[in-house]
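Accompanying notes for the structure given below.
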Amino acid sequence: MKNRANGLGLVLMAPAVLLLIAFFLLPATLTGIFAFTNMSTSTGISGGAYVVTETVLRKLEATDLDPKLRAGLGEKSYTVNAETLAAATSADIEPGFLAEIEDRLSGKTYAASSAFEDDLKSLPSRPRRIRDLKLATEPFERSVINTRYPDRGQFEAALQTFLPAATKADLETIATASYTGWTWTRDNFIDLFTRADTLRLVANTVFYVCATLAFNVFVGLFLAIAVFYLPSRAGGVFNVLWLLPRITPVVLYAIMWKWFTWENGFLYVAAEDLGLPAFNYMKGSVPTAWATVILVNGFVGASFGMILFSGALRAIPIQQLWSSEVDGANRWQQVTRIILPQMRWPILFVTSYQTLSLLSSYELIWLTTNGGPGSTTTVWSLEAFHTALNNYTGNLQYGLGAAMALILVIVGLALSILYLRLFRFNELVSKPKIEF
Amino acid sequence: MTKNHTVWPVICILALFSAPLAIMYLFLVVDTFSNSAPGSFLPHEFTLQHWRFLWNPDVTGDVWKPTLNTFLFTISMVAIVLGVSTTAGYAISRLNLPFRRFFLSSLMVMHAFPTVTLLIGVFLVLQYAGLYNTLIGVILVKASLMLPLGIWIMKGFYDSVPWEIEMAGVQDGASRFTVWWRLILPQVKPGLMALSIFVFIDGWSEYLLPRILAPAAQIEVLSVYLEAVSDPDSVTYNFNLFKSVGLFYTLPVIVLFVLFQKPLMNIFSGGTKG
């Protein structure tokens with residue numbers, strides 16, 4: 001019986017395990033791996049090709065590669081052989097002319113286009129126009145530069161025909177420089193730790209998390225206690241009102257805040273009527289942008305706190321409050337002496353849980369200020385997201401973004417494990433009572 | 001309790017705090033049915049013109065295609081989350097599983113763990129798997145990200161089913177599978193209900209994943225559609241129109257929430273992120 005139940009358990013677990021591995025474990029591992037690559041849109045994500053370009057030639061100037069070899073890489077030559085003849089056939093060159101080239105010039109190689117053109121001019125059925133003649137030379141052109149070689153072997157073979165003098169070490173240098181795919185590197189982390197931006201980003205993140213967290217916890221606590229003491233109808237109104245941001249889709253919620261703070265929006269018109277400075281509060285100045293970011297996130301977070309705290313409040317035996325009133329305690333004393341001490345764990349839970357969420361959620365900042373004005377309200381996670389998946393230059397730096405995400409993943413893992421210890425989730429594991 | 005304080009000061013402070021929310025949600029509804037003079041908020045005429053996007057695709061583009069996409073996206077996601085959490089939750093709650101403690105604690109870490117940080121990795125996984133820019137890819141990702149919470153909630157519901165039911169079933173000769181299917185599943189129906197509503201609301205509202213993992217126009221969902229049409233820097237700058245689109249988009253969520261408020265509150269306090 002024991003074995004059968006084990007089998008059933010594994011079968012029932014299998015889909016969950018598969019999905020969680022594919023979309024939790026694998027991405028987390030990939031983030032760790034790619035943090036050590038220079039992967040980006042321009043390198044592609046699945047291996048690259050070998051191409052010598054002008055940029056590569058300039059890059060090679062810095063190495064100890066023989067200048068003659070470097071010059072050789074940039075040269076073009078003209079060869080008449082089976083391969084180039086095939087290319088010429090498909091390039092629409094007049095068949096008669098092509099047959100003569102095959103007949104008379106097969107196997108020849110020219111270092112300069114002028115020599116090849118001279119020989120072509122000597123053929124009887126050459127084209128009249130000089131432009132056609134030049135076009136006819138093109139399929140026979142052979143050069144390493146600007147040709148894509150899908151793998152290392154082909155590239156080295158081509159190099160060896162062009163640069164017979166090149167040594168193994170030279171080939172190595174050229175191949176490394178001309179590889180277009182991603183390579184392993186520690187530069188992402190060196191970059192992150194040395195960049196001046198990083199400090200700003202960390203400071204922004206710390207400020208954002210602390211300010212929003214304070215708002216979430218204090219307002220959540222205040223709401224829960226205030227609603228607790230209100231008559232149920234009045235309390236219900238506020239309960240529903242503060243729950244709304246939680247169920248409103250983020251996009252609509254962000255649009256409502258835009259309407260509230262944007263030019264010609266609510267605050268704008270109200271401020272104009274009152275003679276106060278009216279501008280786009282969401283993006284117009286740094287303090288108002290921060291205020292918006294904190295409030296937008298805070299209103300959602302506070303409702304989370306409110307729900308949890310309300311639950312915890314209802315769990316406090318009401319007799320304690322009654323007896324305190326008999327002893328003459330007022331509301332303030334009830335809150336500070338009876339309610340708050342018993343709310344220690346919920347407060348700690350909300351604080352720790354929200355720290356983690358705030359550190360890594362950027363959706364609302366992205367939809368509202370998008371880190372602006374400038375990059376004054378940009379936090380770590382938003383920057384990682386922009387670097388890797390959504391930037392204006394179009395070159396998405398997966399490697400650098402993954403490095404930034406990896407740091408968050410590590411912080412997140414450490415914090416989640418800490419919470420598990422703190423809240424003793426292990427005690428929730430009860431033993432099965434049928435097989436064990 | 002005695003009234004040793006008047007409630008009005010408290011209500012005033014609460015009202016002050018809640019004013020932005022009250023104003024935003026009040027005008028969300030009012031503005032979709034009315035026009036107001038420039039520089040003022042008080043509506044001066046009733047109109048249905050902000051809702052013309054429903055039948056006139058020239059206004060913001062076809063709205064029904066994204067609606068259908070959103071519906072397909074959400075329904076498939078609910079089906080996956082529900083199916084997988086129901087089985088895995090039972091296995092974790094009741095069966096003698098090897099590595100049970102390990103499963104449970106890693107589930108807890110995953111649940112407490114912020115999933116957005118994995119987005120770059122998920123993006124690359126989808127690219128490699130060829131599922132980038134497909135609706136199936138986003139559905140799988142979104143469903144998987146919701147699994148830890150789903151399994152956890154279902155485990156809670158299974159935990160509260162008395163062991164005696166199961167023991168009686170086994171005693172009468174039923175296999176563990178039959179016990180689960182015929183006896184236990186009917187007991188956790190409220191849990192299935194609450195979870196599916198919760199997942200539906202969450203999936204319907206999802207913006208980030210479809211926007212990043214499936215940007216193709218033909219599989220656009222409503223949240224992405226709404227964000228695209230409501231760019232305040234665009235030429236057709238009209239908040240009232242966007243609010244109507246937004247309200248149209250949110251109506252199913254509001255309806256479901258109103259109908260199933262009680263069971264949903266349990267899950268909300270169970271720990272979604274904010």
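Below, chain A is the first sequence line, B the second, and so on; all start at residue 1. Predicted model only: the values in this text are computed from it and were never measured. Atom set for the values below is all heavy atoms of this structure, side chains included, hydrogens, waters and symmetry mates excluded.
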Sidechain-backbone polar pair: Trp366(A) side chain, Leu382(A) backbone, donor-acceptor under 3.5 Å: no

With chain B as the partner, which of Trp242(A), Phe222(A), Tyr362(A) has the greatest number of non-hydrogen pairs under 4.5 Å? Trp242(A)

For Asn239(A), all residues meeting side chain to side chain donor-acceptor pair (under 3.5 Å), sequence neighbours excluded: none

Is the shortest heavy-atom distance from the side chain of Leu28(B) to the side chain of Leu247(B) under 4.5 Å? yes

Contact check, side chains of Asp31(B) and Trp259(A), non-hydrogen atoms, under 4.5 Å: yes

Any salt bridge between Glu166(B) and Arg94(B), counting N to O under 4.0 Å? yes

Measure Ala22(A) against the heavy atoms of chain B and call it side chain, backbone, both or neither at under 4.5 Å. backbone

Residues two or more places apart in sequence or in another chain: which of them pass side chain to side chain donor-acceptor pair (under 3.5 Å) with Ser106(B)? none

Against chain A, work out which of Thr86(B), Leu256(B), Val141(B), Val224(B) has the most heavy-atom pairs shorter than 4.5 Å and name it. Val141(B)

Tell me, out of Ile417(A), Val409(A), Leu408(A), Val240(A), who's got the most heavy-atom pairs with chain B below 4.5 Å. Val409(A)

Under 4.5 Å to a heavy atom of chain B? For Leu243(A) that would be side chain

For Phe17(B), is it the side chain, the backbone, both, or neither that has a heavy atom closer than 4.5 Å to a heavy atom of chain A? both

Greatest number of non-hydrogen atom pairs under 4.5 angstrom with chain A, of Gly121(B), Ala91(B), Ser85(B), falls to Gly121(B)

Could you check whether any side-chain heavy atom of Val300(A) comes within less than 4.5 Å of a side-chain heavy atom of Arg246(A), counting everything from C-beta outward? yes

What part of Met306(A) gets closer than 4.5 Å to chain B, counting heavy atoms only: side chain, backbone, both or neither? neither

Turns out that what part of Phe34(A) lies under 4.5 Å from chain B's heavy atoms comes down to side chain

Measuring heavy-atom distances to chain B, does Ile255(A) have an atom under 4.5 Å in its side chain, in its backbone, in both, or in neither? both

Give the member of Ile201(B), Val245(B), Leu140(B) that has the highest number of heavy-atom pairs under 4.5 Å with chain A. Leu140(B)

Largest heavy-atom contact set with chain A, pairs under 4.5 Å, which of Phe257(B), Tyr90(B), Tyr207(B): Tyr207(B)

If you define the side chain from C-beta out and look only at heavy atoms, does anything of Phe113(B) sit under 4.5 Å from Leu118(B)? yes

Heavy-atom check, side chain of Tyr253(A) versus side chain of Val296(A), under 4.5 Å: yes

Checking Tyr249(B) side chain against Trp204(B) main chain: does a donor-acceptor pair fall under 3.5 Å? yes

Honestly, the part of Trp257(A) sitting under 4.5 Å from a heavy atom of chain B is both

Heavy-atom contact with chain B under 4.5 Å, split by part of Tyr268(A): neither

Only pairs of heavy atoms separated by less than 4.5 Å count here; which of Ala388(A), Ala405(A), Pro245(A), Ser303(A) has the most with chain B? Pro245(A)

Region of Val17(A) in contact with chain B, defined by heavy-atom distances below 4.5 Å: side chain

Less than 4.5 Å apart, any side-chain heavy atom of Met154(B) and any of Ile92(B)? no

Can you check whether Leu222(B)'s main-chain N or O pairs, donor with acceptor, with Thr70(B)'s side chain at less than 3.5 Å? yes

Is Ile151(B) in contact with chain A via its backbone, its side chain, both, or neither, using a 4.5 Å heavy-atom distance? side chain

Output the option from Leu26(A), Val219(A), Leu367(A), Asn390(A) having the highest count of non-hydrogen pairs under 4.5 Å with chain B. Leu367(A)

Turns out that what part of Ala234(A) lies under 4.5 Å from chain B's heavy atoms comes down to side chain

Measuring heavy-atom distances to chain B, does Phe238(A) have an atom under 4.5 Å in its side chain, in its backbone, in both, or in neither? side chain

May I ask you to name which of Ser144(B), Ser223(B), Gly89(B) has the most heavy-atom pairs under 4.5 Å with chain A? Ser144(B)

Looking at Phe385(A), Phe266(A), Phe299(A), which one has more heavy-atom pairs under 4.5 Å with chain B than the rest? Phe266(A)

Side chain, backbone, both or neither of Ile212(B) within contact of chain A (heavy atoms, under 4.5 Å): side chain

Where does Val237(A) contact chain B at under 4.5 Å (heavy atoms): side chain, backbone, both or neither? neither

Among Leu30(A), Val250(A), Leu18(A), Ile247(A), the residue with the most heavy-atom pairs under 4.5 Å to chain B is Ile247(A)

Spell out, as yes or no, whether a donor-acceptor pair under 3.5 Å connects the side chain of Thr31(A) to the backbone of Leu406(A). no

For the CG atom of Leu126(B) and the CZ atom of Phe123(B), what is their distance to the nearest 0.5 Å? 8.5 Å

Of the listed Val10(B), Val125(B), Leu21(B), the one with the largest count of heavy-atom pairs under 4.5 Å with chain A is Leu21(B)

Do Thr115(B) and Val122(B) have side chains that approach each other closer than 4.5 Å (heavy atoms only, starting at C-beta)? no

So, the part of Tyr398(A) with a heavy atom under 4.5 Å from chain B: the answer is both

Tyr353(A) backbone acceptor or donor facing Ser357(A) side chain under 3.5 Å: yes

